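Below you'll find the structure, written out as structure tokens, and then a few comments.
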Amino acid sequence: MEVGFLGLGIMGKAMSMNLLKNGFKVTVWNRTLYKCDEVVAHGASVGETPAEVVKKCKITIAILSDPAAALSVVFDKDGVLEQICNGKGYIDMSTVDPQTSCKISEAITSKGGHFLEAPVSGSKQPAETGQLVILAAGDKALYEEAGPAFNVLGKKSFFLGQIGNGAKMKLVVNMIMGSVMNAFSEGLVLAERGGLNPHDLLDVLDLGGIANPMFRGKGPAMLRDDYSPAFPLKHQQKDMRLALALGDQNAVSMPVAAAANEAFKKGRSMGLGDVDFSAVLETVKLLKHPS
């Protein structure tokens with residue numbers, strides 16, 4: 001199977017490389033062309049535009065930074081819409097709001113194409129090792145056709161029904177993740193300023209009922225001030241914002257998520273947008289020691 005891949009950021013690069021390693025032919029495109037070099041060195045072809053990739057491939061996958069980028073790749077000149085047609089599938093794995101997914105779906109299907117939203121839960125390392133969780137919704141036949149690729153990219157795929165459900169599920173997941181990361185950061189700082197060894201806190205947490213892979217994986221690096229980006233803070237804040245908007249639409253009170261969103265916004269204002277979202281710890285550290 002030949003697969004098109006639009007967007008070679010942290011996630012897209014890892015996912016396209018994983019497809020190549022597992023025998024797929026891959027044609028890639030990225031707005032900044034030099035980011036294609038490494039995947040080309042491993043056997044990928046390059047399309048000069050999104051339209052060119054769609055023309056060449058029966059199925060094209062995109063994973064882009066935000067709703068604006070997801071819409072641009074579809075609707076702009078030389079975009080997906082120029083070549084999508086009957087028999088071709090487009091899978092958007094970006095994290096966007098449900099309204100963006102619906103707009104893209106309507107445009108793709110109006111040209112005879114098939115559309116699936118399929119945002120993923122997981123960051124850089126799961127993308128590299130094929131351990132993502134895929135949250136798909138939309139065209140069931142395209143979901144089944146993309147099964148061989150999804151089996152390489154993820155450890156589990158869910159089909160969640162109508163367009164918008166995949167986006168909603170991803171926003172709920174990332175809202176919980178961001179809120180928990182903010183609380184975890186507060187705990188690390190409180191432990192240290194209360195005279196405890198924060199490394200001991202990590203050990204205690206790992207043996208209790210709230211043990212989880214995020215604390216286990218992120219905690220030691222956070223204590224070393226190592227925020228190498230697996231999931232950039234600016235993307236976490238974008239997802240918090242979109243989740244809060246979803247809460248507004250459904251009249252759900254979300255004070256914990258709203259507070260966490262403010263912490264991530266503060267991180268962006270501190271110039272931390274491009275480092276890992278665990279750098280929200282630095283916003284907590286700004287609190288002064290009691291006098």
Side-chain angles (χ1 to χ4, degrees), residues 10-11 14-15 18 95 119-135 150-151 153-158 160 166 168-240 242-244 246-247 252-264 266-267 272 275-287:
I10 291 173
M11 297 295 287
M15 293 163 73
N18 206 12
T95 300
V120 295
S121 180
S123 57
K124 182 180 179 181
Q125 185 176 8
E128 290 173 338
T129 57
Q131 294 296 298
L132 297 168
V133 178
I134 298 170
L135 308 171
F150 285 177
N151 289 340
L153 296 173
K155 62 182 177 181
K156 177 73 174 178
S157 297
F158 291 87
L160 301 172
K168 291 174 188 175
M169 183 67 80
K170 178 61 188 298
L171 292 178
V172 171
V173 168
N174 276 21
M175 178 272 292
I176 295 170
M177 182 173 73
S179 299
V180 170
M181 176 55 78
N182 189 53
F184 181 49
S185 297
E186 291 177 3
L188 290 174
V189 174
L190 179 60
E192 197 225 339
R193 294 188 183 174
L196 300 172
N197 183 336
H199 291 278
D200 290 341
L201 173 62
L202 295 184
D203 291 339
V204 171
L205 289 174
D206 201 39
L207 293 169
I210 58 172
N212 67 72
M214 185 172 75
F215 293 173
R216 195 175 304 123
K218 298 287 187 184
M222 292 166 72
L223 295 182
R224 299 192 303 271
D225 299 329
D226 178 1
Y227 305 118
S228 302
F231 180 44
L233 184 144
K234 64 184 178 184
H235 295 334
Q236 176 66 71
Q237 194 271 312
K238 176 261 296 182
D239 294 349
M240 298 299 291
L242 295 177
L244 288 167
L246 185 63
V252 176
S253 176
M254 297 164 61
V256 173
N261 183 49
E262 292 302 315
F264 287 108
K266 180 65 175 178
L272 300 173
V275 300
D276 194 72
F277 81 112
S278 57
V280 71
L281 176 65
E282 296 300 316
T283 71
V284 182
K285 289 180 179 177
L286 287 178
L287 297 173

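Fair warning: this is a prediction, and the values are worked out from it, not measured in the lab.
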Apply side chain to side chain contact (heavy atoms under 4.5 Å, CB included) to Leu207 and list each qualifying residue two or more places apart in sequence or on a separate chain.
none

Mind checking side-chain hydrogen bond (donor to acceptor under 3.5 Å, both in side chains) for Glu128 and listing every partner two or more places apart, or none if nothing turns up?
none

Sequence neighbours left out, what passes side chain to side chain contact (heavy atoms under 4.5 Å, CB included) with Lys238? Give chain and number order.
Asp66, Pro67, Thr95, Arg241, Leu242

Residues which pass side-chain hydrogen bond (donor to acceptor under 3.5 Å, both in side chains) with Gln237, listed by chain and number, not counting sequence neighbours:
Asn261, Arg268

Only pairs under 3.5 Å count here: list side-chain donor-acceptor contacts from residues 171-183, not counting sequence neighbours, and write none if there are none.
{"residue": "Asn174", "atom": "ND2", "partner": "Asp239", "partner atom": "OD2", "Å": "2.6"}
{"residue": "Ser179", "atom": "OG", "partner": "Met175", "partner atom": "O", "Å": "2.9"}
{"residue": "Asn182", "atom": "ND2", "partner": "Glu186", "partner atom": "OE2", "Å": "3.4"}

What residues, two or more places apart in sequence or in another chain, satisfy salt bridge (charged side-chain N to carboxylate O under 4.0 Å, His left out) together with Lys168?
none

Between Leu281 and Leu188, is any pair of side-chain heavy atoms under 4.5 Å apart?
yes

Looking at residues at least two apart in the chain, or sitting in another chain, which of them share a ring pair (Phe, Tyr, Trp, His ring centres under 6.0 Å) with Phe215?
Phe184

My understanding is that only residues two or more places apart in sequence, or in another chain, count here; which of them pass side chain to side chain contact (heavy atoms under 4.5 Å, CB included) with Ser123?
Pro126, Ala230, Phe231

Test item: Lys155 side-chain N/O and Val133 main-chain N/O as donor-acceptor pair under 3.5 Å
no

Scan residues 198-213 for pairs that pass salt bridge (charged side-chain N to carboxylate O under 4.0 Å, His left out), counting only residues two or more places apart or in two chains.
Asp206-Arg216

Just jot down the side chain to side chain contact (heavy atoms under 4.5 Å, CB included) partners of Val252, sequence neighbours excluded, or say none.
Asn250, Met254

Under the ring pair (Phe, Tyr, Trp, His ring centres under 6.0 Å) rule, collect the residues that match up with Phe264, sequence neighbours excluded.
none

Which residues satisfy the side-chain hydrogen bond (donor to acceptor under 3.5 Å, both in side chains) test with Asp226, sequence neighbours excluded?
Ser228

